> 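My questions will all concern the structure given below.
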2 protein chains.
Amino acid sequence: MTTRKTASRSEGDRMSAICHGIRRAIIEGALFPGDRLPEDALGESFGVSRTIARHALGQLAAEGLVDLRRNRIATVAAPTPADARDIFDIRVALERQVVGHLAGHLTDAQIRELKDIVRQEHDARDGPEGASIRLATEFHIRLAEMTGRPILVRYVTEICYRAGLSLSSLGRPHSSECAISEHLQLIDTIAKGPADKAAQMMADHLEAVASRALLGGQEARGRDLVSILAPYRGD
Amino acid sequence: MTTRKTASRSEGDRMSAICHGIRRAIIEGALFPGDRLPEDALGESFGVSRTIARHALGQLAAEGLVDLRRNRIATVAAPTPADARDIFDIRVALERQVVGHLAGHLTDAQIRELKDIVRQEHDARDGPEGASIRLATEFHIRLAEMTGRPILVRYVTEICYRAGLSLSSLGRPHSSECAISEHLQLIDTIAKGPADKAAQMMADHLEAVASRALLGGQEARGRDLVSILAPYRGD
DNA sequence: CATGACGAAAGTGCATGCACTTCACTGCTT
DNA sequence: AAGCAGTGAAGTGCATGCACTTTCGTCATG
C-alpha cells in the first residue's frame, strides 16, 4: 500500500535504495554477519517485489557484503580473519593512492568539509554506537571522492564497507576517540605535507584501526528483519 | 526448445555462464565499447529467459564492463582515457601487492605453470588477435590466484578485465611481442629477486603496457550479436 | 530418551505477461 | 531538401505464478 504505482517523482532506482539501506544497516552494525536476508521479507520491508530484492542481493553479493548460495537464503557475509587481513591490505593500497592524488591539492572548502565530518564524529562520540563507524567510513569515502576519480571512488567505497563489516564481525566495541584525532592529523598532513609522508600516515592510520580490532566476535540470531531494516527504508 | 527443463547435469549457474561469455567476448575484442546488449537477444543467444540475462547484465555493470541506463538498452562500457588512466593506476597498486606476497615464495610447479602460459602466449603470437590479450590477462590473473587471497584475486581479476576493455577501446592493435619477454623476466624476478625489486618491475611492466596503448579508437556498429557471441556460449 | 522418516511450510529459480518508455521510420509541412 | 509530428515496433521495468529445493517440526520407532 505504501508503494505508489506510477510515481511521478524521481525514483532513482528502487533497487539501489535497497542496496543502500542494507549497506548502511551492515556498516552501522544493525545487521550482523550470518543474519538471514530472505527475498520476500526484504521486498516487503522495502515495498517492492521479490524480483527487485533478489536483484539487489545479487549486487550486494558482488560487493562481498552478502553470501549467496544456490537454493539457500541469502545471509550477511561473514568475513574470516584472513579475509579481514586481506581487505585491510587492499584498503591500504587504495587509500595510499587517494592520498597521493590529494596531497597538497586540497582546497579550503574541502578542508572545511572534512573537518566538519570529524566534528560530527566527535559529536556522535557517545550517541548510537553505529553512527561513529558510519561517520568514520564517510570520512574516508569523501576523501576518495575528492580525487574526482570515479573508479577509484568505487573501489575505495566498496572496500570500506567490507572493512566495516569485518570490524563489526571480528572487532571489539570500537574505540572511536583515537580515530578522531588521527583523522584531524591526516587532514593537516594531506593539506600541507609531502605526498609520501601523507600516504605513510594514512597507511599507519589504517593499520592502527585494523590492529585495534582483534579478538571478540559475537553472534545474534533470529532477530526481526523488518524492524531492523525499518530505519533504513527511506534514504 | 533448446533449453532443457530439469537439466540433471551440473549446471553451475547459468547466469555466470552468460557473464563469463560476455567477459571473454569483451576481453578478446569480439565485443566493442558501445555495442548493444539487448536482454532478449542475450537470453536467446544463451538459451535462457530475459530474467537471467538481465541479472547477468546487472553483475557486469557492477564490474564496470557494461553501461546500464534506465529504460535503455545495455551497452558494452566505453571507458574514457581518464578512466583508463585511473584503472591502470589501481591495477599497479593491486598487482604490486600480488608480487609482494609472491616474491620468493613461488613453487617450482607454479613457475612451470606460469611459463606454460607464456609459452601459449608465444604460440598465439600470430593466431587470432584476441587470443594474445586473453592469455596475457590470464597470466596476471593466475599470478593473483597464486597468492591464495580470494578477495585480492577478485579485485585483480576485475581490474584486469576493465584494463582489457580500455585497451581494446583506446589502444592500437597490440604489440604482444614485448609483453612476452617481460612476462618471462617477471617470473624470474618474482621467483628469485627481492620483493621490492619485483614489485617495481611489475609496476614498470604495467606502465609500459599502458603507455604502449594510446591513440586510436575505432568504432563498429550494427553487427550481429548472436553470431558474435556464438563462440562464447559453451564455456 | 534418542533417532530417524516424513510431510507441510518456507524459500529460491526462473519464465512469462503486461504496462510503460524509447527508438526508428514514415509521410507531412514549409 | 530540411525539418518535424505521429505511430508502430522494439525494448525495458517489474510483479506474479509455478516448479523445485531446503528446512523444520512432528511423530513413530528402536
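From a predicted model like this one, the values you see are computed outputs, not experimental measurements.
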> Applying salt bridge (Lys or Arg N to Asp or Glu O under 4.0 Å), can you list everything that pairs with A:Asp116, at least two apart in sequence or on another chain?
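With neighbours one apart ignored, the set is A:Arg119.
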> Quick one, which residues of residues 50-59 of chain A touch DNA chain D with a heavy atom under 4.0 Å?
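Of all residues in residues 50-59 of chain A, the ones placing a heavy atom under 4.0 Å from DNA chain D are A:Arg50, A:Thr51, A:Ile52.
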> Between the side chain of B:Ser16 and the main-chain N/O of B:Cys19, is any donor-acceptor distance below 3.5 Å?
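Checked: no pair found.
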> If you only use heavy atoms from C-beta on, which nucleotide in D:dA15, C:dT12, D:dG11 is closest to the side chain of A:Arg14?
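Output: D:dA15.
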> Using whole Å, what does the distance between atom C1' of nucleotide D:dG11 and atom CG of B:Leu68 come to?
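Distance check: B:Leu68 CG to D:dG11 C1' gives 13 Å.
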> Taking the side chain as every heavy atom from C-beta outward, state whether A:Gln97 and A:Arg149 have any atom pair closer than 4.5 Å.
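Heavy-atom side-chain distance check fails, nothing below 4.5 Å.
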> Using atom CD1 of B:Ile73 as one end and atom P of C:dC23 as the other, report the distance to the nearest whole Å.
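Computing the B:Ile73:CD1 to C:dC23:P distance gives 8 Å.
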> Any sub-3.5 Å donor-acceptor pair from B:Gln59's side-chain atoms to A:Gly58's backbone N or O?
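A pair under 3.5 Å: yes.
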> Can you say whether the rings of B:His140 and B:His183 are parallel (under 30°), tilted (30 to 60°) or perpendicular (over 60°)?
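The arrangement is perpendicular - the two ring planes meet at more than 60°.
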> Which atom pair, heavy atoms only, marks the closest approach of B:Leu206 to B:Arg91?
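Closest pair (atom of B:Leu206, atom of B:Arg91, distance): CD2-NE, 3.5 Å.
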> Give each protein N/O atom lying under 3.5 Å from an N/O atom of nucleotides 21-23 of chain D, with the pair distance.
unit_1, atom_1, unit_2, atom_2, d
D:dT21, O3', A:Asn71, ND2, 3.4
D:dT23, OP1, A:Arg72, NE, 3.0

> What integer distance in Å separates A:Glu44:CD from C:dT12:C1'?
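My rounded result for the distance is 17 Å.
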> Closest to the A:Asp40 side chain: C:dA15, D:dA15, C:dT12?
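Out of C:dA15, D:dA15, C:dT12, the nucleotide with an atom closest to A:Asp40's side chain is C:dT12.
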> Round to the nearest Å and state the distance from B:Met15 atom CE to C:dG13 atom P.
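From B:Met15 CE to C:dG13 P: 11 Å.
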> With sequence neighbours left out, what residues match B:His55 under ring-ring contact (aromatic ring centres under 6.0 Å, His included)?
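By the ring-ring contact (aromatic ring centres under 6.0 Å, His included) rule, B:His55 matches A:His55.
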> May I have the distance from A:Arg69 (atom CZ) to C:dG13 (atom P), rounded to whole angstrom?
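Spelled out: CZ on A:Arg69 to P on C:dG13 is 12 Å.
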> Between C1' on D:dT12 and CG on B:Leu37, what's the gap in Å once rounded to a whole number?
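Spelled out: CG on B:Leu37 to C1' on D:dT12 is 14 Å.
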> Taking side-chain contact (heavy atoms from CB on, under 4.5 Å) as the definition, give me every residue that meets it alongside B:Thr51, ordered by chain and number, with sequence neighbours left out.
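Listed in chain order: B:Ser49.
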> Under the side-chain contact (heavy atoms from CB on, under 4.5 Å) rule, collect the residues that match up with A:Ala77, sequence neighbours excluded.
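Checked A:Ala77 against side-chain contact (heavy atoms from CB on, under 4.5 Å); matches are A:Asp67, A:Leu165.
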